[in-house]
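What follows is a single structure, written as C-alpha cells, with notes after it.
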Amino acid sequence: MIRKSIFAVAISALLFIQCNTNTDFVIAKDQVGKLMKSNTVDEIETVFASDSIVRDTAITRIGAAVKKINIFEKGGKHLLTLTPNKDSIPKIEIIRIYDPRYVTEKGVGLNSTFKDIKDKHSIKKIITALNNVVIFLKDSDAYFTIAKTELPSNLQYGNNTDIEAVQIPDKAKIKYMMVGWE
C-alpha cells in the first residue's frame, strides 16, 4: 500500500515537472517560450539567464551590422536565432526555431508534417519561392517553410507556379519554422 502511494506521488511529480518544462517551449500569441513580443533586446540576458547567448556582430558588404542573437541551451543545443528590428528601442522581429520541442499551442513544430499544419491551423496564404514554399497561418505568428523537393516533381521547378494547399503532400516535412513579429 505504501509502495503504491510513493509510486503514485513520484509519477505525479514527474508529470508536474514535465508539464511545467513544456511551457518553456510553447509558441503562443506574442510569445515564444519564455520570450514575449514586448521584450526588448536588452532583456534577452534576463529572459534566457539559464541559457548561453551568442551575439553575431558581423558587418555585411553594404556596411549594415547584422546582429543576430543565437540562444543555446547549456550543453550546446541550438534553441533559437533572434533577429532584432532597427528601432530606437530594439525588439525581436524574427525568430528562427531550431529545437523541435518548440511547438505551437496546437502542437505543430519542426517534427510535424504539412498534414499537421492544415489539420490544426488555418492557412492564411502560401508563398512560392525558388526552392521553398512558405506557409503563413491565420491564427499564429508562426510560419513554416517546406522545401520544394517535398512536392511532386511537376511543382519543384520554377518560381512562377502558385502552389495551393491541396498540391502539397500530407507527408511533406517542415524545413524551417519561424515566428515573425512586426
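Between Leu155 and Gln167, the shortest heavy-atom contact is CD1-CB, 3.7 Å. Here the shortest heavy-atom pairing between Glu43 and Ser38 reads OE1-O, 4.1 Å. Looking at every heavy atom in both residues, Ala142 comes nearest to Thr104 through CB-CG2, 4.3 Å. Between Val103 and Gly107 the shortest heavy-atom distance is CB-C, 3.9 Å. The nearest pair of heavy atoms linking Leu151 to Pro169 is CD2-CD, 3.9 Å. The two residues Lys148 and Ile163 have their closest heavy-atom pair at CE-CD1, 4.3 Å.
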What's the verdict on salt bridge (Lys or Arg N to Asp or Glu O under 4.0 Å) for Asp119 and Lys106, showing C-alpha distance, side-chain angles and the deciding distance?
-> CA-CA 10 Å; Asp119 286 352; Lys106 297 181 180 180; over 6 Å; no
So Tyr102 and Val179, side-chain contact (heavy atoms from CB on, under 4.5 Å) or not? Walk me through it.
-> CA-CA 11 Å; Tyr102 281 96; Val179 174; over 6 Å; no
Kindly indicate, with the supporting measurements, whether the criterion side-chain contact (heavy atoms from CB on, under 4.5 Å) is fulfilled by Asn39 and Ile92.
-> CA-CA 7 Å; Asn39 289 126; Ile92 303 306; 6.0 Å; no
For Val26 and Glu105, run side-chain contact (heavy atoms from CB on, under 4.5 Å): C-alpha distance rounded to whole Å, both residues' side-chain angles, the deciding distance at 0.1 Å, then the answer.
-> CA-CA 6 Å; Val26 172; Glu105 290 177 298; 3.8 Å; yes
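Asp51 pairs with exactly one of Lys74, Lys77, Lys34 by the side-chain hydrogen bond (donor to acceptor under 3.5 Å, both in side chains) rule, that one being Lys34. A side-chain contact (heavy atoms from CB on, under 4.5 Å) with Met177 is found for exactly one of Val108, Ile27, Thr145, namely Ile27. For the side-chain contact (heavy atoms from CB on, under 4.5 Å) with Thr83, the qualifying choice from Lys68, Met178, Arg96 is Lys68, the only one to do so.
Side-chain contact between Tyr143 and Val134: present, with at least one pair of heavy atoms (C-beta onward) separated by less than 4.5 Å. Side-chain contact between Phe114 and Ile123 is present, with heavy atoms from C-beta onward closer than 4.5 Å. Looking at Val32 and Trp181, their side chains come closer than 4.5 Å, going by heavy atoms from C-beta outward. Under the 4.5 Å side-chain criterion, counting only non-hydrogen atoms from C-beta, Thr113 is not in contact with Asp170. No side-chain heavy atom of Phe144 sits less than 4.5 Å from a side-chain heavy atom of Val133. Ile44 is listed as a side-chain neighbour of Ile69, based on a closest heavy-atom distance under 4.5 Å. Annotation: side chain of Leu35 is in contact with side chain of Phe48 (closest heavy-atom distance under 4.5 Å). Side-chain atoms of Ile174 and Ile117, non-hydrogen and from C-beta on, do get closer than 4.5 Å to each other.
Of the charged side-chain nitrogens involved, none lies within less than 4.0 Å of a carboxylate oxygen, so that Lys29 and Asp139 do not count as a salt-bridged pair. One finds no salt bridge joining Arg101 and Asp24 here, because no Lys/Arg side-chain nitrogen approaches an Asp/Glu carboxylate oxygen to under 4.0 Å. Salt bridge status for Arg55 with Glu45: present, with a side-chain N to carboxylate O gap under 4.0 Å.
Put simply, the side chain of His78 gets close to the backbone of Leu80: a donor and an acceptor are under 3.5 Å apart. A donor-acceptor pair is defined here as one N or O able to donate and one able to accept, closer than 3.5 Å; no such pair exists between the side chain of Asn132 and the backbone of Ala129. Here the side chain of Glu164 pairs no donor or acceptor atom with the backbone of Val166 at under 3.5 angstrom. Under a 3.5 Å cut-off, the side chain of Ser140 and the backbone N or O of Leu137 do not form any donor-acceptor pair.
With rounding to the nearest 0.5 Å, the separation of OG1 in Thr149 from NZ in Lys175 is 7.0 Å. The NZ atom of Lys37 sits 13.0 Å away from atom CD of Gln31, with the distance rounded to the nearest 0.5 Å. Within the model, atoms OG of Ser112 and NZ of Lys118 stand 14.0 Å from one another, a figure rounded to the nearest 0.5 Å.
Judged by the 6.0 Å and 45° rule, Lys125 forms a cation-pi pair with Phe136.
Both Val47 and Ile97 are part of a single hydrophobic cluster, where members link through side-chain heavy atoms under 4.5 Å apart. With hydrophobic clusters built from ILVMFWY side chains whose heavy atoms lie under 4.5 angstrom apart, Leu79 shares a cluster with Ile53.
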